[in-house]
Amino acid sequence: MPVESRFLALLGPPMSGKGTQAARLTQLLGIPQISSGDLFRDNIKNQTNLGLEAKKYMDRGDLVPDEVTIGMVKERLHREDCLRGALLDGFPRTIPQAEALDEILVGVDASLAVVISVAVPEDVLVERACGRRICRTCGQSYHLKFGPPKAPGICDEDGGELYQRNDDKPETVRQRLEVYQAQTSPLVEFYRARGILQEVNGDQTIDDVADDIRQAVNEL
Ligand code: ADP
Ligand code: ADP
């Protein structure tokens with residue numbers, strides 16, 4: 001493992017802008033974006049056993065069980081393109097996942113350099129949810145009002161079709177926000193206590209949030 005390998009994680013509630021910011025940051029840092037949500041959606045698209053299992057939980061707005069999630073992310077982090085590091089988007093989401101991540105990284109002679117926590121008030125998150133559209137092929141996020149594509153319904157990056165995620169329905173979004181509070185928000189204290197937490201105000205324009213994240217990463 002080269003000494004300059006860097007592992008970072010983006011932590012935040014659904015709709016806080018993790019995917020949007022990860023897509024920008026990954027280009028800047030030259031390391032891959034590893035999104036557990038995207039990995040699950042790829043498995044669902046390819047109708048793998050893991051995808052069929054995960055879908056039951058995702059459709060309800062619940063977390064996929066830790067052992068399934070950890071195994072999937074571990075396999076991904078062991079691939080060649082993660083030798084120089086990776087930007088984790090949406091993982092870890094529970095304390096056991098955070099502990100498992102430590103072990104995975106120790107196994108490749110690395111550690112987590114920084115966790116960026118993106119904070120956004122709940123009413124803003126709910127408003128963002130109804131306008132989110134996702135590219136069917138590359139997973140890029142758009143917003144009908146706050147971040148529209150250049151041509152309606154078509155991804156700027158690869159021309160893929162944009163769709164609304166099944167779990168972006170209001171009742172599922174509410175459940176996902178509750179799950180975040182109960183199971184994921186304790187990670188903020190977990191990483192603060194370890195001294196690697198950087199908090200960013202996610203309730204600004206996409207460009208302003210990106211500037212703050214860049215600054216937080218440059219301070220490392
Ligand atoms: P969002 O970007 O809106 O937060 P994601 O695409 O990250 O949503 O995740 C979608 C769904 O995939 C989650 O609601 C959950 O069911 C599942 N999922 C994603 N990451 C994890 C994880 N680390 N642990 C458990 N479940 C996960
Ligand atoms: P997450 O991965 O945390 O669930 P996304 O990056 O998919 O969040 O963003 C959720 C929705 O909000 C998307 O429709 C995205 O275009 C939009 N969005 C992201 N960041 C902002 C922002 N700073 N202001 C307004 N809308 C945003």
Side-chain angles (χ1 to χ4, degrees), residues 9-26 33-44 50-51 53-74 76-77 87-98 100-101 116-121 123-135 138-149 155-156 162-169 172-185 187 200-213:
L10 277 167
L11 178 64
M15 308 296 161
S16 55
K18 299 181 297 297
T20 302
Q21 297 299 334
R24 292 177 169 219
L25 201 54
T26 190
Q33 169 188 356
I34 310 296
S35 156
S36 40
D38 286 350
L39 292 175
F40 284 131
R41 282 183 289 276
D42 285 346
N43 274 281
I44 292 173
L50 187 148
E53 173 71 8
K55 188 172 188 307
K56 294 187 282 188
Y57 297 93
M58 293 168 76
D59 284 348
R60 290 200 300 260
D62 289 334
L63 293 185
V64 179
D66 282 337
E67 58 277 17
V68 177
T69 308
I70 291 165
M72 176 183 73
V73 173
K74 182 175 182 179
R76 181 66 189 86
L77 285 174
L87 174 60
L88 289 157
D89 158 18
F91 181 92
R93 261 172 152 104
T94 63
I95 299 277
Q97 288 181 19
L101 177 62
I116 298 154
S117 164
V118 187
V120 178
D123 53 331
V124 177
L125 298 172
V126 173
E127 195 195 353
R128 285 184 188 176
C130 39
R132 172 154 75 174
R133 297 293 181 273
I134 305 282
C135 173
C138 74
Q140 172 80 35
S141 267
Y142 294 89
H143 196 280
L144 296 180
K145 195 157 113 193
F146 308 124
C155 178
D156 294 350
L162 303 186
Y163 76 106
Q164 183 166 32
R165 267 169 47 180
N166 194 34
D167 59 346
D168 279 354
K169 302 189 291 276
T172 320
V173 170
R174 267 192 298 276
Q175 169 66 9
R176 285 161 59 204
L177 290 172
E178 276 177 31
V179 166
Y180 175 82
Q181 278 312 325
Q183 299 187 56
T184 307
S185 67
L187 289 178
V200 167
N201 173 16
D203 188 16
Q204 319 175 66
T205 65
I206 293 175
D207 285 341
D208 285 347
V209 179
D211 283 345
D212 285 1
I213 291 180

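Treat the numbers as computed from the prediction; the structure is a model and nothing was measured. Atoms within a ligand are numbered from 1 in the order they appear, just like the ligands themselves.
Of the residues R128, R133, R176, the one that meets the side-chain contact (heavy atoms from CB on, under 4.5 Å) test with D168 is R176.
Listed by chain and number, P14, K18, S36, G37, F40, R41, M58, D62, L63, V64, T69, G90, F91, R93, Q97, R132, R165, D167, R176 each place a non-hydrogen atom less than 4.0 angstrom from ligand 1.
Put simply, the side chain of R24 reaches to within 4.5 Å of the side chain of I206, judged on heavy atoms. Side-chain contact between D212 and D208: absent, with no pair of heavy atoms (C-beta onward) separated by less than 4.5 Å.
Of all atoms in ligand 2, numbered sequentially from 1 with element shown, those under 4.0 Å from a heavy atom of Y142 are 13 (C), 14 (O), 16 (O). Close approach of ligand 2 to Q204 is summarised as follows: ligand atoms under 4.0 Å from at least one heavy atom of the residue are 22 (C), 23 (N), 24 (N). Atom numbering of ligand 2 starts at 1 in the shown order; those under 4.0 Å from a heavy atom of F146 are 25 (C), 26 (N).
Residues in residues 11-21 take part in no salt bridge (charged side-chain N to carboxylate O under 4.0 Å, His left out) pair, two or more places apart or across chains.
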Using distance only, find each side-chain donor-acceptor pair of residues 55-68 under 3.5 Å and give its atom names and separation, not counting sequence neighbours.
residue : atom : partner : partner atom : Å
K55     : NZ   : D59     : OD2          : 2.6
K56     : NZ   : E53     : OE1          : 3.1
D59     : OD1  : N166    : ND2          : 3.1
R60     : NE   : D62     : OD2          : 3.1
D62     : OD1  : Q175    : NE2          : 2.6
D66     : OD1  : T94     : OG1          : 3.0
D66     : OD1  : Q97     : NE2          : 3.0
D66     : OD2  : T94     : OG1          : 3.4

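For Q33, the side chain to side chain donor-acceptor pair (under 3.5 Å) criterion is met by D89, not counting sequence neighbours.
Not a single donor-acceptor pair under 3.5 Å links the side chain of T172 to the backbone N or O of D167.
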